[in-house]
Novice: 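Here it is, the structure, as structure tokens.
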Amino acid sequence: MKPRILVFASGSAEGGGSGFEELVLNSLFISRKTEVIGVVSNHQDGGVRKRADRLGIPFIYFDTPWTAE
């Protein structure tokens with residue numbers, strides 16, 4: 001069974017997500033040793049979200065303030 005990875009990415013509200021995309025593409029087409037199962041970000045519609053949608057990776061948005069709950 002492949003290790004499953006949940007990615008936490010901040011990026012920015014206007015862009016970002018290039019590292020996340022490289023990780024996903026590497027896991028899909030190069031190493032095939034891991035599976036990216038989702039990405040969590042604090043930017044609801046930023047670059048990470050756009051890349052996740054395009055790659056078919058589930059996106060989870062965490063709004064501030066961040067608390068233990």
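Numbering of residues begins at 1 and proceeds along the displayed sequence. The basis for the numbers below is simple: all heavy atoms, side chains too, and nothing from hydrogens, waters or symmetry mates.
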Novice: Would you compute the distance between atom CZ of Phe62 and atom CD of Gln44 and round it to the nearest 0.5 angstrom?
Specialist: 13.0 Å

Novice: Identify the residue among Leu23, Ile5, Val48, Ile60 that makes a side chain to side chain contact (heavy atoms under 4.5 Å, CB included) with Val39.
Specialist: Val48

Novice: Which pair of non-hydrogen atoms, one from Ser27 and one from Ser31, has the smallest distance, and what is that distance?
Specialist: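 Looks like CA-OG, 4.0 Å.
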
Novice: Quick check against the 3.5 Å criterion: does Ser41 have a side-chain atom that pairs as donor or acceptor with the backbone of Ala9?
Specialist: yes

Novice: Could you work out, with salt bridge (charged side-chain N to carboxylate O under 4.0 Å, His left out) as the rule, every residue matching Glu35, not counting sequence neighbours?
Specialist: Arg4

Novice: Flag yes if Phe29 and Val7 sit in one hydrophobic cluster, no otherwise; membership is Ile, Leu, Val, Met, Phe, Trp, Tyr, and two members link when side-chain heavy atoms are under 4.5 Å apart.
Specialist: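 Both belong to a single hydrophobic cluster.
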
Novice: Is there a chain of hydrophobic side chains (I, L, V, M, F, W, Y, each step under 4.5 Å between heavy atoms) that links Leu25 to Leu6?
Specialist: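 Hydrophobic grouping puts Leu25 apart from Leu6.
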
Novice: Using the side-chain contact (heavy atoms from CB on, under 4.5 Å) criterion, which residues pair with Ile57? Sequence neighbours excluded.
Specialist: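 With neighbours one apart ignored, the set is Phe20, Val24, Val36, Ala52, Leu55.
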
Novice: Using the test salt bridge (charged side-chain N to carboxylate O under 4.0 Å, His left out), find all partners of Arg32 that sit at least two apart in sequence or belong to another chain.
Specialist: none

Novice: Which pairs count as side-chain hydrogen bond (donor to acceptor under 3.5 Å, both in side chains) when at least one residue sits in residues 51-62, sequence neighbours excluded?
Specialist: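 Counting only pairs at least two positions apart or across chains, the side-chain hydrogen bond (donor to acceptor under 3.5 Å, both in side chains) contacts touching residues 51-62 are Glu21-Arg51, Glu21-Arg54, Arg49-Asp53, Tyr61-Asp63.
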
Novice: Heavy-atom count check: over 12 atoms from other residues, nucleotides or ligands less than 6.0 Å from Lys2 NZ?
Specialist: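 For Lys2, atom NZ is crowded (more than 12 foreign heavy atoms under 6.0 Å).
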
